[in-house]
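Right, one structure below, let's go through it.
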There are 2 protein chains.
Amino acid sequence: MSPEPTRIQRRNRRAILDAALAVFSQHGFRGATLDQIAAEAGLSKPNLLYYFPSKEAIHETLLAGLLETWLAPLRALDAEGEPVEELLGYVRRKLAMSRDFPCESRLFANEILQGAPRIMPALEGELKSLVDEKAEVIAGWAAAGRIADIDPYHLIFSIWALTQHYADFDVQVRAVLGTGRGDPFEGADRYLVTLFTRMLRP
Amino acid sequence: MSPEPTRIQRRNRRAILDAALAVFSQHGFRGATLDQIAAEAGLSKPNLLYYFPSKEAIHETLLAGLLETWLAPLRALDAEGEPVEELLGYVRRKLAMSRDFPCESRLFANEILQGAPRIMPALEGELKSLVDEKAEVIAGWAAAGRIADIDPYHLIFSIWALTQHYADFDVQVRAVLGTGRGDPFEGADRYLVTLFTRMLRP
DNA sequence: AAAATGTTTGACCATGTGGTCGGGATCACG
DNA sequence: CGTGATCCCGACCACATGGTCAAACATTTT
């Protein structure tokens with residue numbers, strides 16, 4: 001069917017997806033334009049549509065690749081590990097993703113804000129079942145007295161909220177902190193470790 | 001100059017702003033169209049532009065009204081009150097706003113995601129100075145040993161993140177919880193009270 | 001070098017979009 | 001009533017946008 005892509009194909013597909021990520025993550029699907037993406041990628045608009053059949057297809061490709069990356073840190077939560085250590089590790093991995101891939105975080109946020117028209121099935125399927133599985137693990141830890149008693153679902157939501165906030169609301173965080181108060185992500189790391197340590201200790 | 005608006009003016013301006021809030025909050029400024037807003041408001045497009053000079057003006061009107069509402073709960077944080085009670089009260093007021101005004105929350109989120117092109121001055125001015133003031137109050141409580149030692153800025157950020165998450169990511173929260181697990185906001189209320197009680201106690 | 005394949009783009013099209021305009025419908029008020 | 005002000009909208013405009021196409025250009029293969 002589709003044999004190896006040429007070097008040019010690999011380079012241009014990559015350039016397009018990078019450019020599209022930047023534009024979609026800032027303006028959402030409907031607010032983004034092909035001209036903008038083409039300019040950002042250094043290609044002509046018809047050339048975009050040589051590599052992808054439509055605007056929709058570019059967006060779908062981005063989202064498809066995104067979900068796996070996004071769930072990986074939670075998937076790594078190990079039921080056999082030391083509970084507080086595992087949960088703190090998850091928090092820090094997620095915060096590092098916000099620091100290193102802020103555009104991916106914003107792309108996801110935009111999709112959800114718009115009502116998740118394109119990834120609702122994945123939310124109700126893959127995402128839900130992974131969260132169900134890990135929530136059970138956490139509930140087990142709580143029942144065994146290895147962490148404090150807590151609603152595991154809202155614990156997971158709170159980790160998402162706290163870590164993604166530093167990517168999605170980056171400009172607000174920086175506007176409030178000003179220039180003098182150090183890197184937001186370093187402060188966030190210390191704060192979140194303190195917060196979850198205090199909350200989880202049995 | 002502009003004497004009392006007639007009853008019709010009040011009704012239509014209101015209908016337009018309500019409709020625009022719904023549309024802008026879902027699609028962002030660029031993704032929203034006047035036709036959509038007009039349809040939602042039950043008016044013709046030219047009639048929209050009879051009441052507001054441009055799409056931009058509608059959006060600005062919404063944002064201008066928003067910031068005050070948005071800051072009110074933080075402004076109500078009383079330096080003379082009992083610290084934990086004050087902070088828990090702030091959390092619950094903010095969560096109630098997410099429940100009762102989710103569109104406003106999403107409108108704000110969209111604006112920040114897009115880099116805050118229209119309210120950056122307010123963020124660096126009004127918002128920053130209010131946060132600076134309240135952070136000082138919280139730091140004072142911590143120094144006096146009335147709450148646990150904590151970074152007051154990130155404490156405020158965490159309250160924003162945790163409460164707004166339930167409005168902005170509502171569809172995701174509901175997709176993961178499914179139908180059987182009760183109202184997200186009730187669960188969130190219990191969870192957040194527990195979380196902050198544990199974290200703040202000296 | 002020529003043929004075959006893969007890549008690029010200028011010109012173009014249909015539709016969508018923000019915004020205007022002139023005139024008609026409706027209202028407030030004497 | 002009547003009449004002036006307010007309110008409403010069909011038709012229209014200029015431009016942006018997603019997408020097409022044929023022809024030119026480049027690269028690989030034989």
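Lettering follows sequence order; numbering is per chain, from 1. As the structure is a prediction and not an experimental result, all values here were calculated from the model.
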Give me, pair by pair, the N or O atoms of the protein and of nucleotides 4-6 of chain C that are less than 3.5 Å apart, along with how far apart they are.
none

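Classification of the A/Phe157-A/His154 ring pair by plane angle, with boundaries at 30° and 60°, yields perpendicular.
Separating the CG atom of B/Asn47 from the P atom of D/dT6 is a distance of 15 Å, rounded to the nearest angstrom. Distance A/Arg7 CZ to D/dA26 P: 17 Å, rounded to the nearest Å. The distance between atom NE2 of B/His59 and atom C1' of C/dG18, rounded to the nearest whole Å, is 15 Å.
Summarising the geometry, atom CD belonging to A/Glu60 is positioned 13.5 Å from atom CG belonging to A/Leu66; distances are rounded to the nearest 0.5 Å.
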Review item, side-chain donor-acceptor pairs of residues 87-95 of chain A, under 3.5 Å, at least two apart:
from	atom 1	to	atom 2	distance (Å)
A/Tyr90	OH	A/Trp160	NE1	2.9
A/Arg92	NE	A/Asp189	OD1	3.3
A/Arg92	NH2	A/Asp189	OD2	2.8
A/Arg93	NH2	A/Pro73	O	3.1

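Checking each of B/Leu62, B/Leu63, B/Leu67 against B/Phe108 for a side chain to side chain contact (heavy atoms under 4.5 Å, CB included) leaves exactly one that passes, namely B/Leu67.
Nearest heavy-atom pair, A/Tyr191 versus B/Ser158, reported as atom, atom and distance to 0.1 Å: OH-OG, 2.8 Å.
Between B/Arg181 and B/Glu186, no side-chain nitrogen of the basic residue sits less than 4.0 Å from a carboxylate oxygen of the acidic one, so the salt-bridge criterion is not met.
In this structure, B/Tyr51 reaches the sugar-phosphate backbone alone: every heavy-atom distance under 4.0 Å involves primed, P, OP1 or OP2 atoms, never a base.
Ring pair B/Phe52/B/His59: centre-to-centre distance not below 6.0 Å.
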Next on the checklist: What does the B/S/- profile of nucleotides 14-23 of chain D look like, 5' to 3', with a 4.0 Å heavy-atom cutoff to protein?
Outcome noted: ---SBBBB--
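Regarding contacts with the backbone of D/dC8, a side-chain N or O of B/Asn12 is found under 4.0 angstrom from either OP1 or OP2.
Between the side chains of B/Asn12 and B/Tyr50, no donor N or O sits under 3.5 Å from an acceptor N or O.
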